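Since the model is a prediction, treat every value here as computed from it, not as a measurement.
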Amino acid sequence: MTLKIEKNDSGIVIHLGDKFDFSGVDEFKSAYENNTSDKYTIDFRETNYMDSSGLGMLLNMKRSTENAPIDLINCKSQIKKILVVSRFDEQFQIS
């Protein structure tokens with residue numbers, strides 16, 4: 001997985017690649033640990049596949065960032081469905 005990290009006035013935006021799975025666990029973890037912020041946005045615009053390890057990475061991020069707000073944006077319908085079924089809409093803002 002290749003991530004793109006963008007810093008702007010509203011916080012850190014992490015742009016995910018095509019797949020959000022275990023193959024990118026270290027890269028994803030480094031993205032938020034090396035770029036601390038009061039707010040994070042995860043951009044799923046390019047993401048076509050996410051498995052349970054992607055869900056786990058989001059939960060680990062939530063704990064690690066001391067519950068800073070994390071928005072999940074540009075989720076395609078199949079990704080959004082996984083997030084809602086897993087009740088991630090209760091912990092994250094999803095669009």
**Q** Contact between Val13 and His15 at the side-chain level, heavy atoms closer than 4.5 Å - yes or no?
**A**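 Contact flag for Val13/His15 side chains = yes.
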
**Q** Would a 4.5 Å heavy-atom cut-off, applied to side chains only, mark Thr41 and Ile70 as touching?
**A**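 Contact flag for Thr41/Ile70 side chains = no.
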
**Q** Taking atom NZ of Lys76 as the centre, does the number of heavy atoms from other residues, nucleotides or ligands within less than 6.0 Å exceed 12?
**A**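 Atom NZ in Lys76 is crowded, with more than 12 foreign heavy atoms closer than 6.0 Å.
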
**Q** When you check the gap from the basic side-chain N to the acidic O, do Asp43 and Arg45 get nearer than 4.0 Å?
**A**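 Judged by the 4.0 Å cut-off on N to carboxylate O distance, Asp43 and Arg45 do form a salt bridge.
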
**Q** Considering only heavy atoms from C-beta outward, does the side chain of Thr47 approach that of Asp18 to under 4.5 Å?
**A**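 Counting from C-beta outward, Thr47 and Asp18 never come under 4.5 Å.
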
**Q** For residues 56-64, which side-chain donor-acceptor pairs fall under 3.5 Å, sequence neighbours excluded?
**A**
from, atom 1, to, atom 2, distance (Å)
Asn60, OD1, Arg63, NH2, 2.9
Asn60, ND2, Gly56, O, 3.4
Lys62, NZ, Gln91, O, 2.9

**Q** What are the two closest non-hydrogen atoms of Asp38 and Ala68, and how far apart are they?
**A**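 Looking at all heavy atoms of both residues, the shortest contact is O-CB, 3.5 Å.
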
**Q** Starting at CG of Asn35, measure out to CD1 of Ile14 and round the result to the nearest 0.5 Å.
**A**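 CD1 of Ile14 is found 7.5 Å from CG of Asn35.
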
**Q** Can you see which heavy atom on Ile12 is nearest to which on Thr36, and at what distance?
**A**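 Residues Ile12 and Thr36, closest heavy atoms: CG1-O, 4.4 Å.
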
**Q** Check whether any side-chain heavy atom of Tyr40 lies under 4.5 Å from a side-chain heavy atom of Thr65, and answer yes or no.
**A**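 They are in contact (side-chain heavy atoms under 4.5 Å apart), so the answer is yes.
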
**Q** So does Gln93 have more than 12 non-hydrogen atoms from other groups sitting under 6.0 Å from CD?
**A**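 For Gln93, atom CD is not crowded (no more than 12 foreign heavy atoms under 6.0 Å).
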
**Q** Looking at side-chain heavy atoms only, is the closest gap between Leu72 and Phe44 below 4.5 Å?
**A**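 Yes. Closest side-chain heavy atoms under 4.5 Å.
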
**Q** Is it the case that one hydrophobic cluster holds both Ile73 and Phe92, taking links as side-chain heavy atoms less than 4.5 Å apart, direct or via other members?
**A**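 Looking at the clustering, Phe92 is in a separate group from Ile73.
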
**Q** Would one find more than 12 heavy atoms of other residues, nucleotides or ligands at under 6.0 Å from atom CZ of Phe22?
**A**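 Check fails, neighbour count at 12 or below.
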
**Q** Can you give me the closest heavy-atom contact between Gly11 and Ser37, atom names plus distance?
**A**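 Answer, listing the atom of Gly11 first, then Ser37: CA-OG, 3.4 Å.
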
**Q** Heavy atoms, side chains only, cut-off 4.5 Å: are Leu55 and Met50 in contact?
**A**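 A side-chain contact under 4.5 Å exists here.
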
**Q** So does Ser10 get a backbone contact from the side chain of Asn8, meaning a donor-acceptor N/O pair under 3.5 Å?
**A**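 Here the side-chain-to-backbone pair exists.
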
**Q** Looking at side-chain heavy atoms only, is the closest gap between Asn74 and Ser95 below 4.5 Å?
**A**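 Asn74 does not reach Ser95 side chain to side chain.
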
**Q** So do Lys81 and Gln78 actually touch side chain to side chain, heavy atoms under 4.5 Å?
**A**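 Result no, sub-4.5 Å side-chain heavy-atom pair not found.
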
**Q** If you measure from CD1 on Ile42 to CG on Leu3, what distance do you get to the nearest 0.5 Å?
**A**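 So the CD1 of Ile42 and the CG of Leu3 are separated by 8.5 Å.
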
**Q** Report the relative orientation of the aromatic rings in Tyr32 and Phe28; use parallel for angles under 30°, tilted for 30 to 60°, perpendicular for over 60°.
**A**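 Aromatic pair Tyr32/Phe28 classed perpendicular.
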
**Q** State, without any angle test, whether Lys19 and Asn48 hold a side-chain donor-acceptor pair at a distance under 3.5 Å.
**A**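 No, no side-chain donor-acceptor pair sits under 3.5 Å.
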
**Q** First locate atom CG of Leu16, then atom CD1 of Ile79, and finally report the distance between them rounded to the nearest 0.5 Å.
**A**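 Between atom CG of Leu16 and atom CD1 of Ile79 there are 9.0 Å.
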
**Q** List for me each residue that meets side chain to side chain donor-acceptor pair (under 3.5 Å) alongside Ser53, sequence neighbours excluded, and say none if there are none.
**A**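 Ser53 satisfies side chain to side chain donor-acceptor pair (under 3.5 Å) with Asp51 only.
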
